[in-house]
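First the structure, in the form of structure tokens, and then the observations on it.
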Amino acid sequence: MGADVVKIEPPGGDKARNVPPFKGDLPHPEKSLYFLHYNTNKRGITLDIEKPDGRAILLELAQKADLVIES
């Protein structure tokens with residue numbers, strides 16, 4: 001629908017990266033077809049929002065966003 005979506009993942013990545021099936025049947029965080037399906041065309045960033053630098057980046061991104069969804 002034209003939205004520019006930025007997915008923020010914690011250090012170690014989203015747990016969905018470990019959900020099968022995997023491309024080539026080789027378990028790997030970058031090959032989860034489940035994760036790839038639900039996150040197609042999203043940009044991604046890994047932030048530790050528990051640390052001051054990570055939280056500052058999150059707040060900067062949120063100021064520029066039209067919408068923030070937390071899950």
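Because only heavy atoms are used, hydrogens play no part in the values below, and waters and symmetry mates are left out as well, while side chains stay in. Quick caveat: nothing in here was measured; it's all calculated off a predicted structure. Heads up: numbering here begins at 1 and tracks the sequence.
- By the 4.5 Å heavy-atom criterion applied to side chains, Arg43 and Asp4 are counted as neighbours.
- Tyr38 and Val19 fall within the same hydrophobic cluster, defined by Ile, Leu, Val, Met, Phe, Trp and Tyr side-chain heavy atoms under 4.5 Å apart, directly or through other members.
- Annotation: Ile8, atom CD1; neighbour count of heavy atoms from other residues, nucleotides and ligands within 6.0 Å is above 12.
- A donor-acceptor pair is defined here as one N or O able to donate and one able to accept, closer than 3.5 Å; no such pair exists between the side chain of Thr46 and the backbone of Pro11.
- Closest heavy-atom contact between Ser32 and Ala16: OG-O, 3.3 Å.
- Lys42 pairs by the side chain to side chain donor-acceptor pair (under 3.5 Å) definition with Asn39, not counting sequence neighbours.
- Around NZ of Lys7, the count of heavy atoms belonging to other residues, nucleotides or ligands within 6.0 Å exceeds 12.
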Enumerate donor-acceptor pairs with a distance under 3.5 Å from any side-chain N or O in residues 55-71 to protein atoms, sequence neighbours excluded.
none

Scan the side chains in residues 24-31 for donor-acceptor partners under 3.5 Å anywhere in the protein, sequence neighbours excluded, and list what turns up.
| unit_1 | atom_1 | unit_2 | atom_2 | d |
| --- | --- | --- | --- | --- |
| His28 | ND1 | Glu30 | N | 3.0 |
| Glu30 | OE2 | Arg17 | NH1 | 3.4 |

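- Val5 and Phe35 are members of different hydrophobic clusters when ILVMFWY side chains are connected at heavy-atom separations under 4.5 Å.
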